[in-house]
Amino acid sequence: MTEYNFFTNVYDVARQIPSGRVTSYGAIASYLGAKRSSRVVGYAMQVAGSVKPPVPAHRVVNRLGQLTAATHFGGNTMAQLLESEGVTVIKDQIQDFDKVFLDPTVELAL
DNA sequence: GTCGTGACATCTT
DNA sequence: AAAGATGCCACGA
């Protein structure tokens with residue numbers, strides 16, 4: 001009995017994000033058909049570290065491309081991971097965000 | 001069981 | 001056009 005919550009749905013999409021790519025809350029929310037529920041998407045990421053399988057929350061950032069999640073990760077760990085995947089991140093700010101940005105409604109266009 | 005807060009975004013005035 | 005207010009779901013106390 002899989003608890004199909006909005007969270008679970010977000011995790012599913014986030015796990016479909018390839019390495020070196022990033023997405024925004026609104027994009028995922030929109031993909032799920034709940035644009036205004038962007039807040040819930042963000043909260044899902046918070047618990048993402050407590051969910052199975054682990055979700056690459058470091059690939060999910062806000063609309064500005066800022067690693068706002070780093071606050072919960074406990075440091076710059078998130079930025080280091082992104083750089084490790086080929087994403088340039090400076091001071092919790094993704095560079096070339098337009099290039100690494102991936103839209104689930106486009107790439108994952110179901 | 002109820003109230004409030006939270007990795008944001010969108011809609012309205 | 002910009003600024004302000006609202007909305008959504010889940011979890012914590």
Side-chain angles (χ1 to χ4, degrees):
Chain A
M1 50 32 84
T2 324
E3 292 119 71
Y4 275 98
N5 305 340
F6 203 92
F7 281 35
T8 317
N9 230 6
V10 176
Y11 302 143
D12 187 49
V13 178
R15 283 194 282 99
Q16 293 173 55
I17 302 174
S19 71
R21 283 277 140 42
V22 189
T23 188
S24 59
Y25 303 103
I28 298 175
S30 180
Y31 179 71
L32 300 175
K35 312 178 182 186
R36 306 179 186 170
S37 302
S38 45
R39 292 172 61 160
V40 188
V41 178
Y43 208 95
M45 294 288 117
Q46 181 189 328
V47 249
S50 307
V51 182
K52 303 164 300 184
V55 181
H58 59 274
R59 289 183 193 157
V60 184
V61 296
N62 63 6
R63 219 189 112 328
L64 308 173
Q66 292 184 267
L67 305 183
T68 43
T71 308
H72 291 275
F73 265 74
N76 49 350
T77 309
M78 191 171 173
Q80 299 301 307
L81 283 170
L82 284 169
E83 289 189 352
S84 181
E85 296 195 342
V87 181
T88 310
V89 181
I90 301 176
K91 198 171 173 293
D92 294 345
Q93 173 63 45
I94 296 180
Q95 305 304 309
D96 298 307
F97 180 60
D98 319 350
K99 301 178 181 180
V100 296
F101 179 69
L102 182 72
D103 249 344
T105 62
V106 177
E107 305 287 333
L108 301 179
L110 192 52

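Throughout, a chain's letter reflects where its sequence line sits, starting with A, and its residues are numbered from 1.
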Can you check the [X] [atom1] to [N] [atom2] distance for me, whole Å?
{"X": "A:Phe6", "N": "B:dC8", "atom1": "CZ", "atom2": "P", "value": "15 Å"}
{"X": "A:Tyr31", "N": "C:dC8", "atom1": "OH", "atom2": "P", "value": "23 Å"}
{"X": "A:Asn9", "N": "C:dA10", "atom1": "CG", "atom2": "C1'", "value": "15 Å"}
{"X": "A:Ile28", "N": "B:dA9", "atom1": "CD1", "atom2": "C1'", "value": "13 Å"}
{"X": "A:Leu32", "N": "C:dA10", "atom1": "CG", "atom2": "P", "value": "13 Å"}
{"X": "A:Asn5", "N": "C:dC8", "atom1": "CG", "atom2": "P", "value": "17 Å"}

Does A:Ala29 reach a base, just sugar-phosphate, or nothing at all? Heavy atoms under 4.0 Å. nothing

Assign A:Phe7 to base, sugar-phosphate, or nothing according to its heavy-atom contacts below 4.0 angstrom with the strands shown.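 Sugar-phosphate contact only - A:Phe7 comes under 4.0 Å of backbone atoms but never of a base.
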
Residue mapping more 5' on DNA chain C - nearest nucleotide basis, A:Lys35 or A:Val47: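 This one resolves to A:Lys35.
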
Side chains of A:Val89 and A:Met78, heavy atoms from C-beta outward: is any pair under 4.5 Å?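 Not in contact.
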
Between A:Tyr11 and A:Phe7, how do the two ring planes meet: parallel, tilted or perpendicular, split at 30° and 60°? perpendicular

Please identify which of these residues, A:Arg15, A:Gln16, A:Arg21, meets the side chain to side chain contact (heavy atoms under 4.5 Å, CB included) condition with A:Pro56. A:Arg15

Under 4.5 Å between side-chain heavy atoms, counting indirect links through other Ile/Leu/Val/Met/Phe/Trp/Tyr residues: same cluster for A:Val87 and A:Phe97 or not? yes

Go through the N and O atoms of the side chain of A:Ser37 and the base of C:dC8, and report whether any donor-acceptor pair is under 3.5 Å.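 Such a pair does not exist between side chain and base.
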
As a test of reading the structure: which of B:dC11, C:dC9, B:dA9 is closest to the side chain of A:Tyr25, going by heavy atoms? B:dA9

Considering only heavy side-chain atoms of A:Arg39, the closest of B:dT10, C:dG7, B:dA9 is C:dG7

5'-most contact on DNA chain B (nearest-nucleotide basis), A:Tyr43 vs A:Asn62, goes to A:Tyr43

